Structures are given as C-alpha cells and as structure tokens.
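Read the structure below first, then the notes.
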Amino acid sequence: MFISFEGGEGAGKTTQAKKLVSYLKDSGYRVTHTREPGGTVLGEKLRQVLQDTSSEVTPQAELMLYAADRAQHIEQVIMSALEAQEVVVCDRYCDATVAYQGYGRGLDLHMIERLNAWVTKGLFPDVTFLLDIAPEDGLARIMRDRRPLDRLEREQLDFHKRVRGAYLKLAGKQPKRFRIIDANQDVFTVSEHIIREITSLLYRVS
C-alpha cells in the first residue's frame with residue numbers, strides 16, 4: 001500500500017506520518033517512511049536548495065527541481081519498497097506539485113499533470129491524507145516553534161490560500177483517494193482518525 005500525506009504549511013504532516021509509521025511497525029507491517037523533496041541522497045541535496053531562503057529559484061526551475069527529486073525517489077525508493085510488499089508512507093508527493101507550483105505559482109496545470117505522470121510512471125498513492133488547516137493557523141504554529149521560515153513558508157498569505165484551495169479542489173475531484181482531516185484538532189485526535197482509516201483499508205486488502 002502506498003500512503004501519502006499532504007497539506008499546507010504547519011498542518012502537521014510530518015508528525016502524523018511518523019505516528020502512522022510507528023503504529024504500522026508495531027502492528028507487524030514492514031514500512032518505508034520517506035519524504036519529498038528528499039528520500040534519496042540527490043533528493044536531500046535538492047531539498048536544501050529548494051528550502052534555502054538565499055536561493056533565487058524561478059517557478060519553472062522550482063518545478064523541474066521537484067520533478068528531478070521525484071524521478072530519483074520513484075526509482076530508488078518507492079518502486080522497490082512496493083515491489084517488496086512494504087507499506088510506503090510518503091510526506092508529500094505529486095499533489096504538492098499541483099498545489100504549490102500549479103495553483104500557487106500559476107504554472108500550466110496540464111503540463112504539470114503530464115510531467116507528474118511521466119516521472120512517476122503513472123504511480124499514485126492508494127490513499128492520501130489531506131491535513132486541512134487555514135494558512136493563518138498553520139503559519140502561526142510554525143511561528144510558535146520559533147524556528148527560521150524556509151523559502152516556501154515565507155511566501156505571501158495569498159500564495160498559501162491558493163495552495164489550500166488547490167488541495168481541497170483535488171480532494172473533491174478524487175474522493176476515493178483523499179481523506180480530508182481537520183488539522184485544527186489535537187495531535188492525538190488526528191492520529192486516531194488516521195489509524196482508524198488505515199486499519200479499515202488494510203483489512204479490506206488483506
């Protein structure tokens with residue numbers, strides 16, 4: 001099974017992905033936990049560039065860097081884990097590119113869809129958890145952590161609102177794949193919701 005986590009900045013994707021991975025491992029499943037950008041040696045280097053606030057990256061270059069990261073990620077990590085019948089839990093995947101570079105940056109959506117299909121060889125998650133939170137609330141969480149904002153987190157509020165709207169639009173178009181979860185709830189309530197969903201899905205495919 002291939003599981004992805006999506007959502008805007010400060011939604012809690014990384015925290016919830018880690019909690020799900022721990023639950024699955026404790027339940028006896030073999031799990032590969034990975035992320036985008038990152039997940040490979042090349043991907044981690046690209047992640048540094050993409051998050052660096054001193055980097056001047058054009059929208060087109062940004063898109064291609066994410067695509068390069070994903071192409072390497074698919075070949076080196078995701079495909080092999082799925083072939084080994086492991087559960088793959090990925091922090092961000094193709095939907096992030098549509099939301100951020102498509103709706104956020106205003107790049108051509110049809111071109112992005114074709115690029116995603118090409119680099120992934122048509123592989124998309126079985127289920128995607130969309131942790132939904134108002135951008136103002138998500139960014140406030142990050143500010144409370146008192147850490148420096150990365151390049152995307154520093155974007156204007158309107159950018160983050162477009163990203164949120166894009167995610168909700170994607171979820172509306174693909175209700176069988178997406179599970180929308182209110183990320184304003186406490187961490188444990190969100191985690192319990194996700195675990196119930198996954199337990200049900202794994203039972204059906206077993």
Side-chain angles (χ1 to χ4, degrees), residues 1-39 43 66 69-71 73-100 102-103 109 112-113 115-117 119-133 138 163-206:
M1 176 174 283
F2 183 11
I3 304 162
S4 66
F5 280 82
E6 298 284 357
E9 307 304 320
K13 300 175 305 302
T14 301
T15 298
Q16 293 301 331
K18 287 178 179 178
K19 284 186 170 296
L20 178 59
V21 168
S22 294
Y23 168 78
L24 290 170
K25 287 183 176 179
D26 289 345
S27 300
Y29 290 95
R30 292 184 300 133
V31 184
T32 289
H33 181 201
T34 189
R35 66 179 182 176
E36 289 192 358
Y66 278 111
D69 163 73
R70 186 163 297 128
H73 195 207
I74 283 286
E75 288 289 341
Q76 288 194 333
V77 178
I78 296 177
M79 287 287 197
S80 57
L82 291 174
E83 288 169 0
Q85 298 185 325
E86 296 184 14
V87 177
V88 174
V89 177
C90 190
D91 187 343
R92 293 202 188 282
Y93 191 59
C94 285
D95 300 301
T97 305
V98 176
Y100 280 81
Y103 287 86
L109 291 171
I112 290 174
E113 288 172 4
L115 182 62
N116 274 340
V119 299
T120 64
K121 301 178 181 179
L123 177 65
F124 289 87
D126 297 296
V127 61
T128 297
F129 289 105
L130 172 56
L131 302 185
D132 181 48
I133 191 169
V163 169
R164 184 195 187 193
Y167 273 128
L168 292 173
K169 186 176 291 186
L170 286 168
K173 289 180 178 178
Q174 302 177 66
K176 290 184 178 179
R177 175 163 69 90
F178 277 88
R179 304 290 189 278
I180 303 175
I181 297 177
D182 180 3
N184 280 300
Q185 303 173 94
D186 67 82
V187 171
F188 297 104
T189 299
V190 172
S191 178
E192 287 174 358
H193 188 163
I194 291 168
I195 288 171
R196 283 198 303 271
E197 290 277 357
I198 286 299
T199 300
S200 175
L201 287 168
L202 289 170
Y203 176 78
R204 275 184 250 161
V205 299
S206 62

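Only a predicted model underlies this, so the values are computations on that prediction, with no experimental measurement involved.
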Q: Side-chain contact test, heavy atoms from C-beta onward, threshold under 4.5 Å: evaluate it for Phe129 versus Glu197 and give yes or no.
A: yes

**Q.** Separation between CD1 of Ile198 and OG of Ser27, rounded to the nearest 0.5 Å
**A.** 11.0 Å

Q: Give a yes or no answer on whether the side chain of Ser191 reaches the backbone of Val187 with a donor-acceptor pair at less than 3.5 Å.
A: no

**Q.** Glu75: partners by salt bridge (Lys or Arg N to Asp or Glu O under 4.0 Å), with sequence neighbours left out
**A.** Lys121

Q. Closest heavy-atom contact between Cys94 and Asn116?
A. O-ND2, 3.4 Å

Q: To the nearest 0.5 angstrom, please state how far the NZ atom of Lys169 sits from the NZ atom of Lys173.
A: 6.0 Å

Q.
Using 0.5 Å steps for rounding, measure from the CG atom of Asp182 to the CG atom of Asp132.
A. 7.0 Å

Q. Side chain to side chain contact (heavy atoms under 4.5 Å, CB included) between Leu24 and Leu202: does it pass, once the steps are laid out?
A. CA-CA 10 Å; Leu24 290 170; Leu202 289 170; 3.7 Å; yes

Q) Which heavy atom of Tyr100 sits nearest a heavy atom of Val163, and at what distance? A) CE1-CG1, 3.5 Å

Q: Evaluate the side-chain proximity of Val119 to Ile74: yes if any heavy-atom separation is below 4.5 Å, no if none is.
A: no

Q. How many angstroms lie between atom CG of Leu170 and atom CG of Leu130, to the nearest 0.5 angstrom?
A. 8.5 Å

Q | Heavy-atom closest pair, residues Ala99 and Ala166 | A | CA-CB, 3.7 Å

**Q.** Contact summary for Leu123 and Tyr93, nearest pair of heavy atoms
**A.** O-OH, 2.8 Å

Q: Would you tell me whether Glu6 and Thr128 have side-chain atoms, one donor and one acceptor, within less than 3.5 Å of each other?
A: no

Q) So how far is it from Leu20 CG to Ile3 CD1, rounded to the nearest 0.5 Å? A) 5.0 Å

Q) Is there a side-chain contact between Phe5 and Ile194, using heavy atoms and a 4.5 Å cut-off? A) yes

Q: State, with a plain yes or no, whether a side-chain heavy atom of Lys19 is found less than 4.5 Å away from one of Val190.
A: no

Q: For the residue pair Tyr167 and Ile180, establish whether any side-chain heavy-atom pair is separated by less than 4.5 Å.
A: no

Q. Regarding Tyr66 and Arg92, is there a side-chain donor-to-acceptor distance under 3.5 Å anywhere?
A. no

Q. Backbone N or O of Lys18 within a donor-acceptor pair of the Ser22 side chain at under 3.5 Å?
A. yes

(Q) Once rounded to the nearest 0.5 Å, what's the spacing between atom NZ of Lys13 and atom CD1 of Ile133? (A) 10.0 Å

Q | pair Tyr103-Ile112: side-chain heavy atoms closer than 4.5 Å | A | no

(Q) Tell me whether Arg30 contacts the main-chain N or O of Ala84 through its side chain, where contact means a donor paired with an acceptor under 3.5 Å. (A) yes

